[in-house]
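Notes follow once the structure below has been shown.
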Amino acid sequence: MLALAAWVGWVLCSMLWAGAAFGALLPYLSFPAALLGGVLAGRWLSQRETGPVLPAALAGAAGIVLLAIPFYANAQAAWGLQLLAWAGLLALRVPEGEPGPPRSRWSGVALGMLALAGVLLVSRAQATSVLVVPFALLVLAAVAVKYAPQRLPVGLLGLGTVGAAAVTIISLASLPAWPEALNSGRGLSSTRHRLWADALGLWQANPVTGAGPGAFLTHSEIAASNPMLERAHSSILQVGAEFGSIGVILFLGILVAGAAVALQGRKPAALIAVAAWCALAIHSMIDHLYEYPLVVLTAGIVLGVAGRRVERDPDEPG
């Protein structure tokens with residue numbers, strides 16, 4: 001809560017300082033609202049036995065999005081991975097000694113539908129397709145074995161990987177020429193490098209406070225030339241360009257706080273949720289996924305469901 005409040009405060013201060021229009025703030029304000037709403041909804045759901053209705057409804061909604069609603073493909077894929085995480089959490093049985101009726105066969109069908117919808121959505125983006133294989137194996141292991149490493153190493157490993165991804169993207173953005181080996185596909189193209197270089201240049205020109213919300217679009221010639229390119233396609237560089245190092249620190253603080261929420265729950269659930277949260281962050285280092293409320297809302301629900309506070313795991317001594 002404190003991390004989100006600090007972020008909102010800095011976003012509003014940046015608007016006043018830069019004289020930006022309120023519309024430029026909407027992506028930055030919808031992010032904490034959707035995340036907080038998702039975590040609260042996840043906490044509420046974690047206190048209740050989830051039957052087949054909710055997973056089936058989610059799978060149906062995912063199918064509609066996939067087939068009928070225009071939606072940024074990378075954001076669809078990121079949402080799909082969060083649905084897979086939620087399916088994994090729902091598949092974890094109620095621990096022995098805790099209340100909860102046994103799951104019906106329809107619950108299993110609904111969970112299968114949810115997982116299938118997640119896989120279909122994930123396949124729509126190359127970056128998420130790469131992440132989903134190790135993620136799916138991790139979820140299957142957590143559900144089947146009901147064991148996971150200690151929470152602190154899991155959190156440190158996940159956040160360390162996010163930090164490494166951020167450093168890599170900043171390093172790539174600083175290259176004077178884009179490596180030809182990265183220019184072969186649509187994802188990491190020279191166009192994306194130009195966007196990253198423009199964002200990094202704007203951040204370097206305004207290192208502490210950034211240039212203000214909406215400044216990237218007016219600064220970058222390539223961003224202004226195409227509505228599909230009006231974002232830096234890197235969350236870390238977008239935040240750095242418009243909110244400076246202060247904004248980047250607050251943004252990373254939210255990522256740390258999200259992992260901390262997930263780590264409050266039982267170890268198998270915490271492992272799934274931290275992996276999903278960090279996978280979203282890694283993907284968004286080369287994209288702009290936190291601007292999609294549905295993605296952030298579902299990620300928050302995963303954190304809330306997994307982060308049901310417990311005193312001790314069944315497999316922990318004492």
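Along the sequence shown, residues are numbered consecutively beginning with 1.
There is no path of hydrophobic side-chain contacts, each under 4.5 Å, that joins I286 to L159. In this structure, L250 is a member of the same hydrophobic cluster as V208, with clusters built from ILVMFWY side-chain heavy atoms closer than 4.5 Å. Grouping the Ile, Leu, Val, Met, Phe, Trp and Tyr side chains by contacts below 4.5 angstrom, directly or via other members, places W44 with V305. Under the 4.5 Å side-chain heavy-atom criterion for Ile, Leu, Val, Met, Phe, Trp and Tyr, V256 and L35 are members of distinct hydrophobic clusters. Hydrophobic clustering, with ILVMFWY side chains joined whenever heavy atoms are under 4.5 angstrom apart, groups V296 together with L40.
Checked against the 6.0 Å centroid threshold, Y28 and Y290 do not count as a close aromatic pair.
With sequence neighbours left out, S235 forms a side chain to side chain donor-acceptor pair (under 3.5 Å) with S284. Scored by the ring-ring contact (aromatic ring centres under 6.0 Å, His included) test, F216 finds no partners at all (sequence neighbours excluded). Residues that satisfy the side chain to side chain contact (heavy atoms under 4.5 Å, CB included) test with A78, not counting sequence neighbours, are L280, H283, L289, V295. Applying the side chain to side chain contact (heavy atoms under 4.5 Å, CB included) rule to A270 yields the partners L263; only residues at least two apart in sequence or on another chain are considered. For A257, the side chain to side chain contact (heavy atoms under 4.5 Å, CB included) test picks out A3, with sequence neighbours left out. Taking V8 as the reference, L12, L29, P32 meet the side chain to side chain contact (heavy atoms under 4.5 Å, CB included) condition, with sequence neighbours excluded.
Side-chain contact between L140 and F135 is absent, with no heavy-atom pair separated by less than 4.5 Å. Under the 4.5 Å side-chain criterion, counting only non-hydrogen atoms from C-beta, V11 is in contact with F243. Looking at I254 and F31, their side chains come closer than 4.5 Å, going by heavy atoms from C-beta outward. A heavy-atom distance below 4.5 Å is not found between the side chains of V274 and L157. A heavy-atom distance below 4.5 Å is found between the side chains of L92 and P268.
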Quick one: side chains of residues 13-22, donor-acceptor pairs under 3.5 Å with protein atoms, not counting sequence neighbours, listed by atom name and distance.
residue : atom : partner : partner atom : Å
S14     : OG   : W10     : O            : 2.9

Please report, to 0.1 Å, the donor-acceptor pairs under 3.5 Å made by any side chain of residues 167-177, with sequence neighbours excluded.
residue : atom : partner : partner atom : Å
T168    : OG1  : A164    : O            : 2.8
S171    : OG   : V167    : O            : 2.8
S174    : OG   : S171    : O            : 2.6

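Closest heavy-atom contact between L195 and S220: CD2-OG, 4.2 Å. Nearest heavy atoms, A276 versus L81: CA-CD2, 4.0 Å. Here the closest non-hydrogen pair linking W196 and S234 is NE1-CB, 3.5 Å. Minimum heavy-atom separation, G37 to L297: C-CD1, 4.0 Å. The two residues A269 and A306 have their closest heavy-atom pair at O-CB, 3.6 Å. A pairwise comparison of heavy atoms in L255 and A281 identifies CD1-CB, 4.1 Å as the closest pair.
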(request) For side-chain contact (heavy atoms from CB on, under 4.5 Å), just list the numbers for V162 and M285, CA-CA rounded to whole Å, side-chain angles, deciding distance to a tenth of an Å, and then say yes or no. (result) CA-CA 8 Å; V162 173; M285 292 301 165; 3.8 Å; yes

(request) Go through I301 and V39 one step at a time and tell me if the side-chain contact (heavy atoms from CB on, under 4.5 Å) criterion holds. (result) CA-CA 5 Å; I301 290 174; V39 171; over 6 Å; no

(request) Just do the side-chain contact (heavy atoms from CB on, under 4.5 Å) check on L303 and W277 with the steps written out, would you? (result) CA-CA 8 Å; L303 295 179; W277 180 244; 3.7 Å; yes

(request) Could you go through the side-chain contact (heavy atoms from CB on, under 4.5 Å) check for K267 and R151 one step at a time? (result) CA-CA 6 Å; K267 288 191 294 185; R151 297 180 184 85; 3.9 Å; yes

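Within the structure, the side-chain hydrogen bond (donor to acceptor under 3.5 Å, both in side chains) test picks out no pair touching residues 155-167 (sequence neighbours left out). The list of salt bridge (Lys or Arg N to Asp or Glu O under 4.0 Å) pairs with a residue in residues 231-258, not counting sequence neighbours, reads R231-E291. Pairs engaging residues 253-262 under the side-chain hydrogen bond (donor to acceptor under 3.5 Å, both in side chains) rule: none recorded [sequence neighbours left out]. Sorted pairs that involve residues 200-229 and meet salt bridge (Lys or Arg N to Asp or Glu O under 4.0 Å), not counting sequence neighbours, are lacking altogether.
Among D198, N206, L200, the one residue that satisfies the side-chain contact (heavy atoms from CB on, under 4.5 Å) test with L202 is N206.
Using a 30° and 60° split on the angle between ring planes, Y72 and H233 fall in the perpendicular class, above 60°.
Separating the CD1 atom in I272 from the CZ atom in R266 is a distance of 14.0 Å, to the nearest 0.5 Å. Remark: L4 CG to L36 CG distance equals 6.0 Å, nearest 0.5 Å. Note that OG1 of T191 and CD1 of I222 are 4.5 Å apart. Values are rounded to the nearest 0.5 Å.
A side-chain donor-acceptor contact under 3.5 Å links T298 and W79.
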